[in-house]
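Below is one structure, written out as C-alpha cells; the observations come after it.
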There are 2 protein chains.
Amino acid sequence: MNIGDVASRSGLPAKTIRYYEDIGLIKPHRSANGYRCFAESDLHKLAFLCRARALGFTIEDCRTLMGLYEDESRASADVKQLAQEHLAKIEGKIADLQAMRDTLGVLIKGCAGDSRPDCPILKDLSGER
Amino acid sequence: MNIGDVASRSGLPAKTIRYYEDIGLIKPHRSANGYRCFAESDLHKLAFLCRARALGFTIEDCRTLMGLYEDESRASADVKQLAQEHLAKIEGKIADLQAMRDTLGVLIKGCAGDSRPDCPILKDLSGER
DNA sequence: CTTGACCTTCCCCTGACTGGAACCCTCATA
DNA sequence: TATGAGGGTTCCAGTCAGGGGAAGGTCAAG
C-alpha cells in the first residue's frame with residue numbers, strides 16, 4: 001500500500017504518517033521508486049496509534065503502549081497504571097476547565113451586553129471589586 | 001520598578017513579561033542602564049493579563065480585551081460576545097475530555113491490572129472487540 | 001505526449017512560553 | 001581594589017504534534 005491508501009484506511013493524514021515514521025513509531029519499507037510501502041501490520045499499528053491519540057495519550061505514551069502491545073509477556077498492570085495516570089491528568093484538565101467555565105459563566109451572567117461601557121467582566125479582569 | 005519587582009507583584013515570571021513586551025502587549029520604559037522600568041499602569045496591565053490568561057483567554061483575546069478595557073466608549077456587548085465565544089470553546093474542550101475520561105474509565109475498570117498479559121485496554125486500542 | 005494525481009524531501013509555522021548561554025550592572029564585603 | 005552574589009540584558013533553541021507549501025520525481029490514462 002502507498003501512503004494515501006493507509007491514510008484513508010487508518011484515518012490519519014499522510015503528513016502525520018510521515019511524521020510517525022520520522023520519530024520512529026513505524027518503519028514502512030520502500031518500493032523501488034522510493035515510495036513508502038506499507039504492510040497490513042503497519043496499517044494496524046497506525047490504527048492503534050490513531051485510537052490511542054484520540055484517547056488523549058501523548059506520543060510517548062503511545063510509544064510505550066505499542067511496546068507493551070507487542071510484548072507478549074507484558075503485565076496488564078503496566079498498561080493499567082499508564083492509563084490511570086493519563087486518566088488522572090485528564091481529570092485535572094477537566095477540573096481546571098470547569099473552574100474557568102464557572103467563573104466565566106458568572107461574569108457573563110452579570111454583563112448587560114448592551115451598548116453601554118460598564119462591564120463586570122472587564123471590572124473583574126482589572127482587579128476591581 | 002524593575003522586572004523582578006513586577007514579576008513578584010503581578011504573579012508572572014520575568015520571562016513571560018519580556019515575552020509580552022516582545023509581542024507588544026506592554027511597553028515599559030527603559031532606565032539609563034538599559035533596564036526595563038515599569039510604571040504602576042504597567043503592573044496593572046500585567047495583572048489584567050495574568051487574570052485573563054488564567055481564565056483561558058488566548059493572547060490575541062487578551063490583546064482585544066485590553067483594547068476594550070482601555071476604550072472608554074466600548075460596548076459591553078463586545079466584551080460579552082468575546083467571553084461567550086471563549087466559554088463555548090471551553091465547554092467543547094470539557095465535552096471532549098469527558099468523552100475520553102468515560103471511555104478510559106470503562107477500559108480501566110475492565111483491566112485486571114495483574115501480572116498476566118491479557119488486557120482489554122490494549123485489545124480496544126488494537127481494534128479487537 | 002501530456003495531464004493530473006500521487007509521491008518524495010525540505011523547511012518554516014503554529015501558541016505561549018521556557019531554558020540556557022553569554023554578557024552587563026550594582027552593591028556589599030574582604 | 002578585587003571579587004562575588006544577585007540582579008538585569010539579548011539572542012538562540014526547544015517544547016508538542018503536526019500543518020502548509022514549494023520544488024521536484026513517478027505513474028496511469030487519454
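Letters go in sequence order (proteins before strands), and every chain restarts at 1.
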What are the atom names and distances for every N/O pair under 3.5 Å that joins the protein to nucleotides 22-25 of chain C?
unit_1, atom_1, unit_2, atom_2, d
C/dC25, O4', B/Y35, OH, 3.4

Which pair of heavy atoms, one from B/K93 and one from A/L97, lies closest together, and at what distance? CB-CD1, 3.8 Å

Shortest non-hydrogen pair, A/L65 vs A/A52, comes out as CD1-CB, 4.5 Å

Between A/K80 and B/I121, which heavy-atom pair has the shortest distance, and what is it? CA-CD1, 4.0 Å

Of the non-hydrogen atoms in B/T16 and B/L12, which two are nearest, and what is the gap between them? CG2-CD2, 4.2 Å

In a check of ring pair (Phe, Tyr, Trp, His ring centres under 6.0 Å) between A/F48 and each of A/F57, A/Y20, A/Y69, which one passes? A/Y69

Salt bridge B/E40-B/R9, side-chain N to carboxylate O under 4.0 Å: yes

Are the side chain of A/S31 and the backbone N or O of A/G34 linked by a donor-acceptor pair below 3.5 Å? no

Between A/D102 and A/A99 (side chain of the first, backbone of the second, donor and acceptor by atom type, cut-off under 3.5 Å), is there such a pair? no

Close residues, residues 92-101 of chain A, relative to DNA chain D [heavy-atom separation under 4.0 Å]: none

Base-contact (B) and sugar-phosphate-only (S) positions in nucleotides 9-19 of chain C, heavy-atom cut-off under 4.0 Å, - elsewhere: BB-----BBSB

Where the side chain of A/S76 meets the backbone of B/C111, is there a donor-acceptor pair that is under 3.5 Å apart? no

Five-pair end axes of the helix from C/dC1-D/dG30 to C/dA30-D/dT1, angle between them (10°): 40°

What's B/I3 touching, base or sugar-phosphate or nothing? Going by heavy atoms closer than 4.0 Å. sugar-phosphate

With sequence neighbours left out, which residue pairs that include part of residues 10-28 of chain B fulfil the salt bridge (Lys or Arg N to Asp or Glu O under 4.0 Å) condition? B/E21-B/R30, B/E21-B/R36

Could you walk me through whether B/S10 and B/C50 pass the side-chain contact (heavy atoms from CB on, under 4.5 Å) check? CA-CA 7 Å; B/S10 70; B/C50 186; 5.7 Å; no

Using whole Å, report how far CE of A/M1 lies from C1' of C/dC6. 16 Å

Is the closest basic N to carboxylate O distance between B/D118 and B/R116 below 4.0 Å? no

Whether the side chain of A/H44 engages the backbone of A/A39 through a donor-acceptor N/O pair (distance < 3.5 Å, no angle test) should be reported. no

Please determine whether a side-chain nitrogen of the Lys or Arg among B/E70 and B/K45 lies less than 4.0 Å from a carboxylate oxygen of the Asp or Glu. yes

Going 5' to 3' along DNA chain D, which are the first and last nucleotides with any atom under 4.0 Å from a heavy atom of chain B? D/dG7 to D/dC11

What pair of heavy atoms forms the shortest contact from A/L104 to B/I90, and how long is it? CD2-CD1, 3.9 Å

